[in-house]
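Reviewing the structure listed below.
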Protein chains: 2
Amino acid sequence: MELLSQIVISVNPKLYVKNPETSELGRKIIQQSILLIDEIGFEAFTFKKLGERIGSNESSLYRYFENKHKLLLYLTSWYWGWMEYRMVFETNNISDPKQQLLKAIEILTEKIKDDTSTQHINEAVLNNIIIFEFTKTFLTKEVDQENREGFFIIYKKVINRLVLMIQAAKPEYPFAKSLASSIVEGSLHQHFLKDHLKTITDCNDTQSPTHFYQHLIEQILK
Amino acid sequence: MELLSQIVISVNPKLYVKNPETSELGRKIIQQSILLIDEIGFEAFTFKKLGERIGSNESSLYRYFENKHKLLLYLTSWYWGWMEYRMVFETNNISDPKQQLLKAIEILTEKIKDDTSTQHINEAVLNNIIIFEFTKTFLTKEVDQENREGFFIIYKKVINRLVLMIQAAKPEYPFAKSLASSIVEGSLHQHFLKDHLKTITDCNDTQSPTHFYQHLIEQILK
DNA sequence: CAAAACTGAAAGTATTACTATTATATTTGC
DNA sequence: GCAAATATAATAGTAATACTTTCAGTTTTG
């Protein structure tokens, strides 16, 4: 589904030195970093390699992002901002709380296959990066400070929107927050297992994490 | 609860160059690496720092482990081996499938508070490391090869034991594997959120991840 | 008691993750 | 249209990381 030909997601300005959306080089950094991180993994990814790939000098990239960790936080924030936008846009015309919740879970847990929303961001590849790298962005010794600086605020907003939908569908359920965070993190995990540790998941080409979590929600709402 | 004063957990020999259980230096590496990784985090952890801490040379540590990633795989394998042992030991006298399942979930999701089983391994601190670092051991580009080499086999055995218990309690449930992997990974995640991103979990000092998952299982078994 | 195995000390290498400086190119504001 | 400001590129440099190698001394063991 085509939402808007050119959507703009705003990301915490503390994550960049210079806003990459304001120049050609900045957009190239975003576009190519997504592809390069997907290809070689975040550990092996360096600004030097990215510079070589886009025909730019390493030092120029440091004028946009302090370090590669901040760049990854930028990419993941953009992703969750985009997800929040889709979540609001695609559920606001559904009046039945249960149906709205099921739709939100579909949006949050399905694999992204298309690259439609923006020129320079390939959302399908970015989704792969989220599956592999998102968890690592907060499993660090700096998490408390970075949380205080608001680096995870968009992600928490997404979770809290899901919490509200769970509460609307079943007000007496006592673990709405834990359930919401479990679903979002858990679906990334199930996507990973489906591709790499198949023996400990039921998910495959015919049964997606979306089915698992929608089935789970049906049981809980009963 | 005291299981055995000296339990021995066997770990895939491919994970080490020389078995650390066979020498004083080896046991010191295990003991102090757990404490140091917990203190400074795995990213900042180096063999040089560990060497300084235990009064040994960096090069000596490389005679036990190829690199710090393998050392972390060793520690996490030991942990899951210990969990499997506890899971079997503490549930085999429970005949009711539902009660057995609830007990297994308790063991797998509760925070480890004591350090009772072994001389040189502090299980409570190791549990903290698992919460912070375990997910990162497989979210790498090398996961498929390392999986083929059997580096995650003990973890998969733990999940599969839980799968069998879910199936015994409710044979018609269609997502036993995904549920089992969700519970184990998810409880680590909930423990993390409880300490660092409190606004997106219901877990706290009075309500633990164990309560959340036991409540969830009750709903599913209905 | 000699050989083998283990440990420590020191030095060396390639890479990473930056920072600093200077030169050049491009944009913009008047 | 031109000066000033800004952006980018090129180069060099630094400290730390993640090892590897060599060699010497010490301990274990058959």
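Letters A, B, ... are given to chains in the order of the sequence lines, protein chains preceding strands, and every chain is numbered from 1.
- The interatomic distance linking B:H69 (NE2) with D:dC19 (P) rounds to 11 Å, in whole Å.
- As rounded to whole Å, 15 Å separates atom P of C:dA17 from atom NZ of A:K70.
- Atoms CD (B:E24) and C1' (D:dT26) sit 17 Å apart, rounded to a whole Å.
- Counting any heavy atom pair closer than 4.0 Å across all strands shown, A:G55 reaches sugar-phosphate atoms only and no base atom.
- For the pair A:K28 NZ and D:dA9 C1', the interatomic distance rounds to 13 Å; values are reported in whole Å.
- OP1 or OP2 of D:dA16 has not a single side-chain nitrogen or oxygen of B:K49 nearer than 4.0 Å.
- We find that CD1 of A:I40 is positioned 13 Å from C1' of C:dT16, with the value rounded to whole Å.
- The nearest whole Å value for the distance from the CG atom in B:L25 to the P atom in C:dC6 is 11 Å.
- B:T46 comes within contact range of the sugar-phosphate backbone alone, with a heavy-atom separation under 4.0 Å but no base atom that close.
- Within the 4.0 angstrom heavy-atom criterion, base atoms lie near B:Y62.
- Residue-level contact check: B:K18 touches the backbone only, with heavy atoms under 4.0 Å from sugar-phosphate atoms and none from bases.
- Under 4.0 angstrom from either OP1 or OP2 of D:dA18 there lies at least one side-chain N or O belonging to B:K68.
- Annotation for B:K68: atom NZ counts as buried by contact number, over 12 foreign heavy atoms lying within 6.0 Å.
- Between A:F138 and B:H189, the angle of the ring planes lies from 30° to 60°, which puts this pair in the tilted group.
- Within a 6.0 Å radius of NZ in B:K48, no more than 12 heavy atoms belonging to other residues, nucleotides or ligands are found.
- Side-chain contact between B:E123 and B:W78 is present, with at least one heavy-atom pair separated by less than 4.5 Å.
- Contact annotation for A:E58: base contact, defined as any heavy-atom pair under 4.0 Å involving a base atom.
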Check your understanding: Which parts of nucleotides 20-29 of chain C does protein reach within less than 4.0 Å, heavy atoms only, written one letter per nucleotide 5' to 3' as B for base, S for sugar-phosphate only and - for none?
Key -> BB--------

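- Distance CG (A:L50) to C1' (D:dA9): 15 Å, rounded to an integer number of Å.
- Enclosure of atom CD1 in B:I153 is not indicated, since only 12 or fewer non-hydrogen atoms of other residues, nucleotides or ligands lie within 6.0 angstrom.
- Within the 6.0 Å centre-distance limit, the rings of A:F47 and A:Y62 are counted as a close aromatic pair.
- Nucleotide C:dT15 holds its C1' atom 15 Å from the CD atom of A:E43, rounded to whole Å.
- No cation-pi contact links B:K70 to B:F151, judged by a cut-off of 6.0 Å to the six-membered ring centre and 45° from its axis.
- Within the nucleic acid shown, B:F65 has no heavy atom closer than 4.0 Å to any nucleic acid atom.
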